[in-house]
Amino acid sequence: MILKIKRGKEIRNVKVRPEYNKAVGQARIGFVYGSEPDPVSIRQAFDRATGFAWRVTRESASRIAKIFDSRERSEIHGIVGVSDVGHDAVGLGLAPALTFLAVISLSLGVINLFPFLPLDGGHIFWGLIEKLRGRRVSLRTMELASVVGFALVAILFVIGLSNDLGALTGEGFNVH
């Protein structure tokens with residue numbers, strides 16, 4: 001099979017041989033990157049890094065926002081799933097391992113900024129509310145907000161644990 005690859009204005013023909021993968025039930029073609037990365041300027045590196053950070057931020061926030069969709073919910077994992085992916089990333093080399101750590105750190109940072117107590121974003125949110133109002137928010141209101149925030153964090157934990165158990169046992173318990 002001949003695969004046409006376009007790089008800039010140049011078109012290359014590459015001969016490939018798909019291999020059948022029993023796990024997915026179809027033939028697949030694998031790719032590896034060359035050993036030499038394309039040289040980039042500082043500006044290009046900055047643009048790539050900020051673009052990547054923005055995609056991770058947007059995806060992390062949107063994944064939580066789609067928690068009521070069963071397909072999207074199945075993509076949320078807890079520490080077991082994260083550890084499994086981390087193990088795979090470390091096995092691929094230093095660059096994928098560092099990228100994985102960056103993605104996890106940024107995703108956790110985004111989640112931590114959600115405006116629910118006990119998360120840091122909740123403290124920022126209520127601090128801003130008090131600043132705008134010019135007076136303190138009642139302790140009762142803060143307690144209710146904390147219960148809601150803690151419940152949302154607990155729901156995320158249960159969904160992640162359920163998906164992790166499902167991946168480990170092939171079953172798990174269904175949170176649909």
> What distance do Leu101 atom CG and Ile104 atom CD1 have between them, rounded to the nearest 0.5 Å?
Replying inline: 8.0 Å

> Can you tell me how far OG1 of Thr99 sits from CG of Leu94, rounded to the nearest 0.5 angstrom?
Replying inline: 9.0 Å

>> Tell me if the CD1 atom of Ile2 is crowded by more than 12 foreign heavy atoms within 6.0 Å.
In response: yes

>> Check whether Asp164 reaches the backbone of Gly81 with its side chain - one donor and one acceptor, N or O, closer than 3.5 Å.
In response: yes

> Is the backbone of Ala102 close enough, under 3.5 Å, to the side chain of Ser105 for a donor and an acceptor to pair up by distance?
Replying inline: no

> In terms of hydrophobic clustering (I, L, V, M, F, W, Y; side-chain heavy atoms under 4.5 Å; direct or indirect links), are Phe114 and Leu152 co-clustered?
Replying inline: yes

> Can you name the closest pair of heavy atoms from Gly149 and Phe116 and give their distance?
Replying inline: CA-CB, 3.6 Å

> Quick one: do Leu106 and Val103 end up in the same hydrophobic cluster if we chain Ile, Leu, Val, Met, Phe, Trp and Tyr together by side-chain heavy atoms under 4.5 Å apart?
Replying inline: yes

>> I'd like to know if the side chain of Thr50 reaches the main chain of Phe46, judged simply by a donor and an acceptor atom lying under 3.5 Å from each other, with no hydrogens or angles considered.
In response: yes

> What distance do Ile124 atom CD1 and Lys131 atom NZ have between them, rounded to the nearest 0.5 Å?
Replying inline: 15.5 Å

> Within a reach of under 6.0 Å around CZ of Phe150, are more than 12 heavy atoms found that belong to other residues, nucleotides or ligands?
Replying inline: no

>> Can a donor-acceptor pair be found, under 3.5 Å and without considering hydrogens, that links the side chain of Gln44 to the backbone of Ser41?
In response: yes

>> So which atom in Ser107 and which in Ser60 form the shortest heavy-atom distance, rounded to 0.1 Å?
In response: OG-OG, 2.9 Å

> Regarding Ser138 and Thr141, is there a side-chain donor-to-acceptor distance under 3.5 Å anywhere?
Replying inline: yes

>> With a 6.0 Å cut-off (strictly less than), is the heavy-atom count around CZ of Arg43, excluding the residue itself, greater than 12?
In response: no

>> Please find the pair of heavy atoms, one from Lys4 and one from Asn13, that lie closest to each other, and give the distance.
In response: CG-OD1, 3.1 Å

> Between CZ of Arg136 and CH2 of Trp126, what distance do you get to the nearest 0.5 Å?
Replying inline: 12.5 Å

>> With side chain to side chain contact (heavy atoms under 4.5 Å, CB included) as the criterion, how do Leu117 and Phe125 come out once you've worked through the C-alpha distance, each side chain's angles and the decisive distance to 0.1 Å?
In response: CA-CA 9 Å; Leu117 290 170; Phe125 174 78; over 6 Å; no

> Counting only heavy atoms not in Arg58, do more than 12 sit closer than 6.0 Å to its CZ atom?
Replying inline: yes

>> Restricting to non-hydrogen atoms, name the atom on Val40 and the atom on Ala45 that form the minimum distance, rounded to 0.1 Å.
In response: CG2-CB, 4.1 Å

> Which value, rounded to the nearest 0.5 Å, describes the distance between Leu119 atom CG and Ser146 atom OG?
Replying inline: 10.0 Å

> If you measure from CG on Leu161 to CG on Leu156, what distance do you get to the nearest 0.5 Å?
Replying inline: 12.5 Å

> Can you tell me if NE2 on His87 sees more than 12 non-hydrogen neighbours from other groups inside 6.0 Å?
Replying inline: no

> According to a 4.5 Å side-chain heavy-atom criterion applied to Ile, Leu, Val, Met, Phe, Trp and Tyr, with indirect links allowed, do Val137 and Val148 form part of one hydrophobic cluster?
Replying inline: no

